[in-house]
Amino acid sequence: MCLTQVLRDKNSKYFFICKTFIQLFSNISIILCTFATYYDIFLIDMNVLELSEQEIGRRESLQQLREMGINPYPAAEFPTNAFSTEIIDSFQDDAEPRQVSIAGRMMSRRVMGKASFVELQDSKGRIQVYITRDDLCPGEDKELYNTVFKKLLDIGDFIGIKGFVFRTQTGEISVHCQELTLLSKALKPLPIVKYKDGVAYDKFDDPELRYRQRYVDLVVNEGVKDTFLKRATIIRTMRSILDNAGYTEVDTPILQSIAGGASARPFITHFNALNQDMYMRIATELYLKRLIVGGFEGVYEMGKNFRNEGMDKTHNPEFTCMELYVSYKDLLWGMDFTEKMLEEICTAVNGKPEVEIDGNIISFKAPFRRLPILEAIQEKTGFDCDGKTEDEIRAFCLSKGMDVDETMGKGKLIDELFGEFCEGTFIQPTFITDYPVEMSPLTKMHRSKPGLTERFELMVNGKELANAYSELNDPIDQEERFVEQMRLADKGDDEAMIIDHDFLRALQYGMPPTFGIGIGIDRLVMLMTGKFAIGEVMLFPQMKPEKKIPQSTPAEWAEIGVAEEWVPVLRKAGFNLISNIASEKAQGLQQKIGDIVKKYKLDMQKPSVDEVAAWIEKAQA
């Protein structure tokens with residue numbers, strides 16, 4: 001017998017039992033729903049305490065919009081047919097009024113009774129919008145203008161505007177609004193810069209805050225987006241040059257079993273499926289050269305590398321690099337190719353082959369200066385490293401007060417000398433060449449200078465921009481250099497390379513003479529845009545964790561008798577730690593709690609003076 005039949009037959013012995021169970025479950029449901037409602041109200045009240053007055057006001061506007069039947073986050077497409085800059089650039093006074101549909105953020109609003117002006121910011125720039133009550137609301141219902149536009153919209157909201165273009169009496173090209181649509185309600189206020197007597201207030205210029213909240217930085221600070229548009233131009237131009245030269249863009253693994261291709265400390269992670277530790281790649285070099293072995297004429301990759309090292313104005317542990325490898329080319333060809341490529345990129349970004357940085361005009365017009373590294377060190381220090389032993393170079397470094405130790409081999413010591421006395425002095429593009437073999441484990445021996453290699457680093461504005469080799473393709477020589485790197489690792493050099501046996505196997509199949517170069521994209525963007533910090537050219541640079549205000553937990557407050565619902569109230573009143581209330585007077589603390597309850601309209605009865613006094617007494621214990 002089914003339940004429906006039982007309920008129809010009131011004389012059935014099962015009818016009373018079923019009815020009782022139904023009533024019982026119904027009452028339980030009511031209780032649970034009531035509890036859930038009060039719990040939600042409690043959560044809403046507590047969330048209110050975490051908001052500023054402006055944020056509360058915006059949420060109230062949000063609720064009013066919904067009550068009016070206006071969806072503050074509509075799903076439908078809002079078709080646009082113009083951008084702000086294009087409208088202004090193409091405007092002609094004697095032409096027929098142009099109908100446009102535009103969308104963007106409302107960045108300012110001036111209400112003057114029945115007429116108002118709005119500044120709309122889209123992805124290209126800003127344009128003024130003129131709004132009148134009667135044009136927006138041609139009928140008797142003026143609520144869209146009087147209530148929605150004037151009271152419920154806020155700075156930062158996304159709106160859509162349809163209307164025609166005209167020039168105001170003051171000469172400003174504007175859009176006369178005929179239709180207005182709310183596209184997205186902003187619940188947090190933007191930090192709008194205000195000016196008074198030529199002085200800027202409320203500037204959003206703290207670097208850490210700008211990098212951490214780049215989305216706000218892009219909206220309110222002029223020029224920030226331009227930097228990243230230039231970055232895109234740099235990458236697009238470089239890719240076009242490489243593609244037009246006939247080279248193939250490829251992708252190689254980011255997770256690698258051996259951290260090879262550079263001397264750097266890697267990030268380590270764990271591959272659960274293989275139960276194996278893996279490394280985030282520090283370079284793309286060894287995989288790209290495998291492809292040269294496989295028959296590619298030229299290959300390149302633009303991608304992220306990761307080095308578990310320090311962070312400063314010019315270093316980020318996650319960075320973008322372009323590496324290129326071309327068969328049958330050498331270092332001399334590579335310098336010519338690099339000069340031409342950088343000159344073309346600079347011209348594409350800045351309209352000319354030069355850029356101004358810190359008052360210096362840096363020219364990327366070829367040719368660049370070429371200087372051997374040992375000559376550079378001798379030029380700046382007077383010390384000739386050529387023919388010197390490891391101990392002699394270390395002794396000279398110590399005599400100059402440098403922080404060197406026994407773990408550093410000859411190559412590392414020369415690198416430290418160059419970095420200390422030379423690197424920062426090369427402002428104009430300069431190829432530093434002929435590195436000692438100890439510094440270049442993947443580089444071919446110099447064709448005419450024993451003990452040196454065919455390698456260059458390109459220095460610009462005091463920093464390394466590119467590193468390039470005539471690539472080592474002798475598998476026996478390569479294995480011996482890997483062994484030497486392992487010797488350095490045994491001495492404690494945690495940046496020494498690990499032997500990559502598969503790469504050695506690839507070399508044994510034969511690799512043609514090859515030129516290879518790596519260019520740091522982030523530093524290149526810094527140079528081309530005149531920025532001094534790498535964080536200015538990375539959309540989301542690595543940051544230290546946000547500092548949080550120390551707070552006693554609800555469980556700790558409970559130990560002195562404070563119920564959990566009062567913890568957010570006490571925090572809003574400025575008492576984050578239990579120790580903060582120890583010096584308070586009971587009546588004064590009760591008053592502060594009452595002020596919060598009243599201000600935020602919380603449905604709570606403030607505690608008695610005796611209860612508060614007991615809290616304070618225990619906080620003092």
Side-chain angles (χ1 to χ4, degrees), residues 259-266 282-283 285 307-312 314-315 317 370-426 430-446 448-459 462-470 472 477-499 518:
S263 296
R265 185 183 299 116
I282 58 176
E285 177 171 348
R307 298 183 181 179
N308 196 358
E309 298 169 348
M311 291 192 300
D312 57 33
T314 58
H315 294 86
R370 305 178 183 192
L371 178 67
I373 186 172
L374 299 185
E375 290 183 24
I377 293 173
Q378 187 173 10
E379 182 181 287
K380 301 299 180 182
T381 68
F383 180 74
D384 186 2
C385 295
D386 191 19
K388 297 293 192 299
T389 66
E390 178 181 312
D391 291 338
E392 287 173 325
I393 298 174
R394 183 180 292 106
F396 178 75
C397 291
L398 291 171
S399 72
K400 291 293 185 179
M402 295 174 61
D403 184 18
V404 298
D405 55 47
E406 296 296 325
T407 68
M408 296 181 180
K410 185 175 180 179
K412 182 74 170 176
L413 292 169
I414 292 174
D415 190 34
E416 292 291 318
L417 271 174
F418 182 80
E420 181 74 19
F421 296 103
C422 307
E423 184 173 342
T425 66
F426 296 106
T430 304
F431 289 117
I432 302 299
T433 64
D434 301 348
Y435 280 70
V437 65
E438 295 88 351
M439 298 178 66
S440 312
L442 299 172
T443 311
K444 185 172 288 188
M445 295 297 292
H446 199 285
S448 61
K449 299 178 182 178
L452 302 181
T453 59
E454 298 216 346
R455 173 188 177 188
F456 75 69
E457 286 188 342
L458 177 59
M459 300 293 166
K463 294 294 179 184
E464 175 196 339
L465 175 61
N467 190 17
Y469 312 147
S470 289
L472 179 61
D477 189 0
Q478 180 66 84
E479 185 171 8
E480 289 173 351
R481 296 198 204 182
F482 272 146
V483 170
E484 174 60 19
Q485 286 289 300
M486 294 307 294
R487 185 187 69 81
L488 293 175
D490 292 339
K491 288 179 64 177
D493 187 347
D494 58 2
E495 295 184 355
M497 290 190 189
I498 302 171
I499 296 179

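Checked by atom type and distance alone, the side chain of Arg455 pairs as donor or acceptor with a backbone atom of Met439 at under 3.5 Å. In this structure, the side chain of Arg265 engages the main chain of Asn308 through a donor-acceptor pair within 3.5 Å. In this structure, Thr453 contributes its side chain and Tyr435 its backbone to a donor-acceptor pair below 3.5 Å.
Ring geometry for Phe396 against Phe383 counts as parallel: the plane angle stays under 30°, on a 0 to 90° scale with 60° as the upper cut.
Counting all heavy atoms, side chain and backbone alike, Pro436 lies closest to Leu374 at CG-CD2, 4.2 Å. Taking each heavy atom of Met445 and Gly451 in turn, the nearest pair found is CE-N, 3.8 Å. Between Ser263 and Gln485 the shortest heavy-atom distance is OG-OE1, 4.1 Å. Between Cys422 and Lys380, the closest heavy-atom pair is SG-CG, 3.7 Å. Between Ala283 and Arg307, the shortest heavy-atom distance links the atoms CB-NH2, 4.2 Å. Considering all non-hydrogen atoms of both residues, Glu392 and Gly387 come closest at OE1-O, 4.4 Å.
The number of heavy atoms from other shown groups lying within 6.0 Å of CG (Asp403) does not exceed 12.
By the side-chain hydrogen bond (donor to acceptor under 3.5 Å, both in side chains) test, Lys449 pairs with Asp434, sequence neighbours left out.
Pairs passing the salt bridge (charged side-chain N to carboxylate O under 4.0 Å, His left out) check and including a residue from residues 413-425, sequence neighbours excluded, do not occur. For residues 382-391, the salt bridge (charged side-chain N to carboxylate O under 4.0 Å, His left out) pairs, not counting sequence neighbours, are Glu390-Arg394, Glu390-Lys491, Asp391-Arg394.
Residues Phe421 and Met402 have side chains in contact (heavy-atom distance under 4.5 Å, counting atoms from C-beta outward). Using a 4.5 Å heavy-atom threshold, the side chains of Ile432 and Leu371 count as touching. Contact of the Thr433 side chain with the Pro372 side chain is registered, since non-hydrogen atoms from C-beta on lie closer than 4.5 Å. Side-chain contact between Thr407 and Lys412 is absent, with no heavy-atom pair separated by less than 4.5 Å. Contact of the Glu457 side chain with the Ile373 side chain is not registered, since no non-hydrogen atoms from C-beta on lie closer than 4.5 Å.
Between Arg487 and Glu484 there is a salt bridge, since at least one side-chain N of the basic residue sits less than 4.0 Å from a carboxylate O of the acidic one.
Separating the CD1 atom in Ile393 from the CG atom in Leu417 is a distance of 7.5 Å, to the nearest 0.5 Å. Taking OG1 of Thr430 as the start and CG of Leu465 as the end, the distance is 11.5 Å to the nearest 0.5 Å.
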Decide yes or no on side-chain contact (heavy atoms from CB on, under 4.5 Å) for Lys410 and Cys385, but give the supporting numbers first. CA-CA 10 Å; Lys410 185 175 180 179; Cys385 295; over 6 Å; no

